[in-house]
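Only one structure is covered here, and it is reproduced in the block below.
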Number of protein chains: 2
Amino acid sequence: MTTRSTYHHGDLRQAVLAAALDVIAAEGPGALSLRDLARRAGVSHAAPAHHFKDRTGLLTAVAAEGYDLLAGALAGTPELRERGVRYVRFAMEHPAHFQVMFRPELLRADDPVLLAAKERASAELRAGVAGLEDVPDAREAGIAAWSLAHGFATLLLTRNVTEALGGRDPEEYFHSLAGLLFAERHPRKEPKDNPREESRDTPGRSRKGKGRDISP
Amino acid sequence: MTTRSTYHHGDLRQAVLAAALDVIAAEGPGALSLRDLARRAGVSHAAPAHHFKDRTGLLTAVAAEGYDLLAGALAGTPELRERGVRYVRFAMEHPAHFQVMFRPELLRADDPVLLAAKERASAELRAGVAGLEDVPDAREAGIAAWSLAHGFATLLLTRNVTEALGGRDPEEYFHSLAGLLFAERHPRKEPKDNPREESRDTPGRSRKGKGRDISP
DNA sequence: TCCCCGAACTTGTCAATGACAAGATGGGGA
DNA sequence: TCCCCATCTTGTCATTGACAAGTTCGGGGA
């Protein structure tokens, strides 16, 4: 795209967005330069500003896209544990989005597009705990589940738990972790009537790599 | 400190470090400018570089200090749940350190001072699960505990769960969350030999929101 | 068909910054 | 006392974000 015959790029907004994701995923949001993105897209140094206003605008657009992707990833998943797995998967598949989404100081907090997308994702998160009955405080359980998934995803992306996984698939590993939180309180998803310790805790390493087998 | 009679500052390293913490806590690491820190300390624009080499060096120093503070905060805490509470407290009391510590792209990963401090903190984290006996996989339980605490701390600092707390003290709230993970598997902490549990738990709201205070 | 209006992009500029080089200063040990 | 060298200063350059003003072009209306 460095050489371009037409005066108009045609799809500069998407091109800049895509390049931004590459840069962020590789070197973090701090390494992002509008002029560099312009060079990658083969346009003049001020062209990106026409679509995003400024650096904050670009990052806000990335975050909004991220929230929409997350909402889509969580939608239609009845089971809380599987929702957590999808949350972790989302972070792994969209590391750039994930990073930017949780860095408020980089974003224009009152951007309407951002707020709308964030609300969609938020609704999906709330829906995850809506069906819990055998838990004393559903909201608190929701915060616990979110914290566990978010913490694991963050530690994963910052390479703080990679070696601790011992080669196990991160999603499968998290599925196991989530079992420590909620499994025993959801007997309905257990195949047998003895949901206690045994079947819940062991699956980890015995059938490694398989991951996520049960999904109601 | 803007006016200074002596040629030598006296304690520029600490002054810059302190100013950096203020800026990071307020506006994030991205807003950090060596020249701005120099102005705040009342020295020339290149003075900070003599102590930290460059921006990455400064942030690496902040992260190293953070890991040491964290190791100190966790040391001497036998109980895993209380360790989690202290982890969250550390994040709240040292938000600037906490942010920088978990942003590898901003740091010089091979810095020996950083590595040593990180190892000390890592040892404390591992020690937290060393005494677990009634848990099938201690390492996995450790990752779960770390994920829960780290996720909650992160969501707290990014203002993603502030309103969900409903005015409750974050530490007390996390203590409750941690109960969802491990409480029933740690019967030894039941007796009244741990007086701070009581006072810490109750201030929130009535016991109803606490969930899981059941004895095993 | 033509034109013309606004979106898309360019060119030019300025202040701020990080990084580096080379010089000035002075405190404390030999 | 003297001088070494850590500490700090001055000077400079390339890069960047942000803004202003000009240029190109495509499609809708007359």
Side-chain angles (χ1 to χ4, degrees), chain A residues 1-24 26-63 100 103 105-108 111 113, chain B residues 1-24 26-63 100 103 105-108 111 113:
Chain A
M1 270 301 178
T2 305
T3 59
R4 176 172 44 105
S5 54
T6 64
Y7 185 92
H8 289 316
H9 179 282
D11 199 11
L12 182 58
R13 187 186 162 90
Q14 284 307 313
V16 168
L17 226 33
L21 292 178
D22 285 347
V23 173
I24 295 171
E27 308 172 65
L32 213 155
S33 153
L34 289 180
R35 292 173 105 105
D36 177 51
L37 297 179
R39 278 190 293 270
R40 293 179 185 232
V43 295
S44 77
H45 65 85
H50 189 267
H51 293 273
F52 301 101
K53 164 74 175 169
D54 55 12
R55 230 181 81 104
T56 302
L58 170 58
L59 290 169
T60 301
V62 169
V100 174
R103 214 152 299 180
E105 77 273 11
L106 300 180
L107 309 177
R108 203 156 346 250
D111 181 271
V113 176
Chain B
M1 270 302 179
T2 308
T3 59
R4 176 171 43 103
S5 55
T6 64
Y7 187 92
H8 290 315
H9 179 282
D11 199 12
L12 181 58
R13 186 187 164 90
Q14 284 308 311
V16 168
L17 226 33
L21 292 178
D22 285 347
V23 173
I24 296 172
E27 309 172 64
L32 213 153
S33 151
L34 289 181
R35 290 173 105 106
D36 176 50
L37 297 179
R39 276 190 295 270
R40 291 179 185 232
V43 295
S44 78
H45 65 84
H50 188 265
H51 292 274
F52 302 101
K53 164 74 177 170
D54 55 12
R55 231 180 81 104
T56 303
L58 170 59
L59 290 169
T60 301
V62 170
V100 174
R103 215 152 298 179
E105 76 274 12
L106 299 180
L107 310 177
R108 206 162 336 256
D111 181 90
V113 176

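Side chains are part of it too, since the values below use all heavy atoms of this structure and drop only hydrogens, waters and symmetry mates. Just so it is clear: chains get the letters A, B, ... in the order the sequence lines come, proteins before strands, and each one is counted from 1. None of the values given here were measured: they were computed from a predicted structure.
What separates CG of B:Leu12 from C1' of C:dG27 is a distance of 16 Å, to the nearest Å. Following rounding to the nearest Å, A:Arg55 (CZ) and D:dC19 (P) show an atom-to-atom distance of 14 Å. In this structure, CZ of A:Arg13 is placed 10 Å from P of C:dA8, rounded to the nearest angstrom. With rounding to whole Å, A:Leu106 atom CG is found 15 Å from D:dG17 atom C1'. Spacing between atom CZ of A:Phe52 and atom P of D:dC19 amounts to 17 Å, rounded to whole angstrom units. As a whole-Å value, the separation of B:His50 NE2 from C:dA21 C1' is 13 Å. Whole-Å rounding puts the B:Gln14 CD to D:dC8 P distance at 13 Å.
Under the side-chain contact (heavy atoms from CB on, under 4.5 Å) criterion, A:Ala38 pairs with A:Val43, A:Pro48, sequence neighbours left out. Judged as a side-chain contact (heavy atoms from CB on, under 4.5 Å), and not counting sequence neighbours, the contacts of A:Glu105 are A:Arg103, B:Pro29, B:Gln99, B:Arg103. Residues that satisfy the side-chain contact (heavy atoms from CB on, under 4.5 Å) test with A:His51, not counting sequence neighbours, are A:Leu12, A:Arg13. The side-chain contact (heavy atoms from CB on, under 4.5 Å) check on B:Ser33 picks up B:Arg35, B:Asp36, with sequence neighbours excluded. Annotation: side-chain hydrogen bond (donor to acceptor under 3.5 Å, both in side chains) contacts of B:Arg55 (sequence neighbours excluded): none.
Distances shown here put a side-chain N or O of B:Ser33 below 4.0 Å from the OP1 or OP2 atom of C:dG18. Under 4.0 angstrom from either OP1 or OP2 of C:dT17 there lies at least one side-chain N or O belonging to B:Arg39. For the pair A:Lys53 and D:dC19, the criterion of a side-chain N or O lying under 4.0 Å from OP1 or OP2 is met. Side-chain nitrogen and oxygen atoms of A:His51 include at least one within less than 4.0 Å of the OP1 or OP2 phosphate oxygen of C:dC9.
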What N/O pairs connect the protein and nucleotides 11-13 of chain C at under 3.5 Å? Give each pair on its own line.
residue, atom, partner, partner atom, Å
C:dG12, N7, A:His45, NE2, 3.4
C:dG12, O6, A:His45, NE2, 3.4

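Residue A:Leu32 is in sugar-phosphate contact alone, with no base atom involved, counting any heavy-atom pair closer than 4.0 Å across all strands shown.
With rounding to the nearest 0.5 Å, the separation of CG in B:Leu106 from CD1 in B:Ile24 is 9.0 Å.
Formation of a donor-acceptor pair under 3.5 Å by the A:Thr60 side chain with backbone atoms of A:Arg108 is found in this model.
Listed nucleotides D:dG17, C:dG18, C:dT10 differ in distance to B:Leu34; the shortest reach to its side chain belongs to C:dG18.
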